[in-house]
Amino acid sequence: MIANFYMPTKVIMGENCIVNHAEQFKSLGSKALLVTGAKSAKLNGAQADVITTLESLQISYIIYDKVMSNPTIACVYEGAKLAREEDVDFIIAIGGGSPMDAGKAIALLASQDIKEEDIFSGDYGKDILPMVFVPTTSGTGSEVTQYSILTNDKKETKTSISSPILFPTISFLDAKYTYGLSRNTTINTAIDALSHSVEGMLTKKASKVTDILAIESIKTIVLCLKELMNGDITKESRSQLMYGSMLGGMVIAHTGTTAVHSMGYGLTYFKNVDHGRANGLLLSEYLSFVKKENPAKIEEILEAMGMERIDELKSLLEGLLGEKETITEQDIEKYASISIQAKNIANCLVAPNYDDIVAIYKKSFNLL
Ligand code: NAP
Ligand code: FE
C-alpha cells in the first residue's frame with residue numbers, strides 16, 4: 001500500500017485566528033505585499049485584521065488589489081513587478097481562489113526570472129517569497145495546494161502552475177469572513193470543494209489517506225449543500241464549509257483533479273461560467289460515466305453523501321444551480337477538443353475519450 005503524504009502548509013483555524021496568532025508573522029520579514037481582489041477583502045474584515053496585526057508588529061505593507069476572477073498572466077506579472085520594485089519580503093493573499101492563486105504566482109515571479117512562455121513549464125528554481133493566505137470563500141482549497149491556476153489565452157483554457165514550492169507557508173482559516181458571501185458564490189464555491197473531494201477519489205493517484213480526507217470532506221459539504229437547498233446557512237455551517245473545503249484542497253494537492261475540471265475550464269473560458277458552477281453542471285453525468293466501469297467507487301462516494309443514487313445528487317445540484325446555460329454542438333466540439341488535451345485526463349481512474357467527453361457535455365446541457 002502506498003499512501004505518501006506531504007502538506008507543508010501550517011493551518012491555523014478559528015475565530016479571530018489572525019489577530020490571536022500575530023506572532024506567526026514575525027519571522028516572515030519587515031514588508032508585505034497584500035494581494036487581493038477589488039472589493040471583498042476590504043468589506044469582509046479580513047484586510048483590516050491583517051493590517052491591525054501587521055501594524056502591531058511594525059511590519060510595513062503595500063496593497064495590490066487588482067486581481068480579477070480567473071487571474072491572467074498579465075495580472076501576476078504586474079503584481080510581481082510591484083513586489084520587486086517595493087522589495088517586499090513576503091506575500092499575504094486575501095480572497096477567494098483568484099487572489100490566492102495570483103499570490104502564489106506573484107511570490108514565484110518576484111523571486112525568479114521566468115519568461116512568460118515558460119510560466120507553465122514547472123521547471124523552476126527553489127526561490128520563492130513566503131506566503132500567508134487568508135481564504136474568504138470556501139471552495140478552491142488553494143490555501144493548502146501547490147497549484148496556481150491562470151487563464152491561458154494561448155491554449156484558450158485555464159492551466160495550472162504546479163510545484164511543491166507553491167504551498168503557502170501559513171493559512172489562516174476564519175469563517176467569519178465568509179458570513180456575507182452571496183448565496184450564489186456560496187453555492188458555486190461549495191460545489192467546487194465537493195467536486196475536488198469527489199474527483200480526488202476518482203483519480204489514479206487516490207490513496208487510503210486521500211480517500212479518508214475526501215469522505216470526511218464530502219460528508220461535511222453535502223450537509224451544508226442540503227441546508228442551502230432549504231434557505232440560508234448558519235454561521236456554524238459556514239465554518240464547516242471552510243473545513244470541508246480545506247480538506248478537499250488537501251485531497252487534490254495529492255491526487256489532482258479529473259476530466260470534470262478540464263471540461264469545466266472550457267465553460268469558464270468561453271462562457272464565463274463560474275468555476276464551481278461549471279464543475280457542478282458536469283459532475284453527475286461524469287459520475288454516471290465512471291459508474292459503468294467502476295460502480296464500487298461511485299457507491300462509496302454516494303454513501304459519503306448519504307445518497308443511494310446519482311439522481312439524488314443530480315437533483316440537489318440542479319436545485320442549487322438553477323437554470324442551465326444553453327450551448328451548441330459546435331461549442332461542445334470545441335471544448336471537448338481542448339479539454340481532451342489536459343493533463344488531468346490521463347489522471348482519471350476511468351479515462352474518457354473524445355466521444356465520451358462530448359457525450360458528457362451533451363447530457364449535462366440543454367443543446368441550442
Ligand atoms: P474568486 O474568483 O476568488 O472570487 C469570486 C467573487 O467572490 C469575486 O467577485 C470576489 O470579490 C468575491 N468574494 C470573495 N470573497 C468574498 C467574501 N468573503 N464576501 C463577498 N464576496 C467575496 O472565486 P473562487 O471560486 O474562490 O476562486 C476561483 C478561482 O480559483 C478560479 O480561478 C479557479 O480556477 C481557481 N481554483 C484554484 C484551485 C487551486 O488548487 N489553486 C482549485 C480550484 C479552483 P473580489 O474580487 O472583490 O475579492
Ligand atoms: Fe476547482
Side-chain angles (χ1 to χ4, degrees), residues 138-139 141 183-203 206 210-234 236-238 240-245 247-248 251-252 255 257-261 263-264 267 273-325 348-350 352 356-357 359-367:
S138 296
R183 179 175 170 80
N184 250 353
T185 309
T186 305
I187 289 172
N188 292 342
T189 47
I191 291 175
D192 185 27
L194 176 70
S195 195
H196 294 157
S197 294
V198 169
E199 289 178 58
M201 289 182 72
L202 299 176
T203 63
T210 57
D211 274 6
I212 281 175
L213 294 174
I215 286 169
E216 167 77 354
S217 162
I218 292 168
K219 281 184 183 162
T220 310
I221 296 166
V222 167
L223 282 179
C224 296
L225 289 176
K226 287 179 179 168
E227 196 180 327
L228 273 163
M229 204 46 207
N230 299 320
D232 207 0
I233 60 168
T234 62
E236 173 51 29
S237 298
R238 286 206 179 265
Q240 289 291 312
L241 260 186
M242 191 162 259
Y243 164 68
S245 164
L247 295 178
V251 171
I252 58 168
T255 63
T257 55
T258 68
V260 175
H261 263 65
M263 292 172 70
L267 297 164
V273 177
D274 266 5
H275 171 66
R277 177 178 172 83
N279 296 332
L281 292 168
L282 298 160
L283 191 61
S284 313
E285 290 304 336
Y286 184 69
L287 295 192
S288 300
F289 162 77
V290 176
K291 190 179 169 200
K292 286 184 245 157
E293 297 280 324
N294 196 333
K297 204 77 199 171
I298 299 300
E299 230 168 80
E300 223 180 306
I301 290 169
L302 289 173
E303 195 188 326
M305 293 178 174
M307 295 176 183
E308 281 173 11
R309 296 178 331 260
I310 295 173
D311 273 356
E312 291 171 61
L313 172 68
K314 194 172 175 183
S315 58
L316 176 65
L317 293 177
E318 284 180 351
L320 290 167
L321 293 172
E323 204 182 325
K324 293 180 187 182
E325 289 75 1
C348 299
L349 199 57
V350 181
D356 298 324
I357 289 181
I360 295 167
Y361 273 125
K362 279 191 178 163
K363 287 183 193 153
S364 302
F365 285 91
N366 310 313
L367 287 199

Inset, instruction - Evaluate the side-chain proximity of Thr189 to Ser245: yes if any heavy-atom separation is below 4.5 Å, no if none is. - result: no
Legend entry - Identified side chain to side chain donor-acceptor pair (under 3.5 Å) partner of Asp274 from the options Asn184, Asn188, Thr185: Asn188
Legend entry - More than 12 heavy atoms from other groups under 6.0 Å of CD on Glu318: yes
Legend entry - Neighbour count above 12 (heavy atom, 6.0 Å) for Lys219 NZ: no
Legend entry - No-hydrogen, no-angle side-chain donor-acceptor test under 3.5 Å, Ser197 and Ser217: yes
Inset, instruction - Taking the side chain as every heavy atom from C-beta outward, state whether Glu199 and Ile252 have any atom pair closer than 4.5 Å. - result: no
Legend entry - Gln240 side chain to Thr220 side chain, donor-acceptor N/O pair below 3.5 angstrom: no
Inset, instruction - Check whether any side-chain heavy atom of Cys348 sits under 4.5 Å from a side-chain heavy atom of Tyr286, and report yes or no. - result: yes
Inset, instruction - Examine the side chains of Glu216 and Tyr243 and answer whether a donor and an acceptor come within less than 3.5 Å of each other. - result: yes
Inset, instruction - Answer yes or no: are there more than 12 heavy-atom neighbours, outside Glu312 itself, under 6.0 Å from its atom CD? - result: yes
Legend entry - Point-to-point distance, once rounded to the nearest 0.5 Å, from SG of Cys224 to CG of Leu194: 10.5 Å
Legend entry - Carboxylate-amine/guanidinium contact Lys292 Asp356, below 4.0 Å: no
Inset, instruction - Decide if atom NZ of Lys226 counts as having more than 12 heavy atoms of other residues, nucleotides or ligands within a radius under 6.0 Å. - result: yes
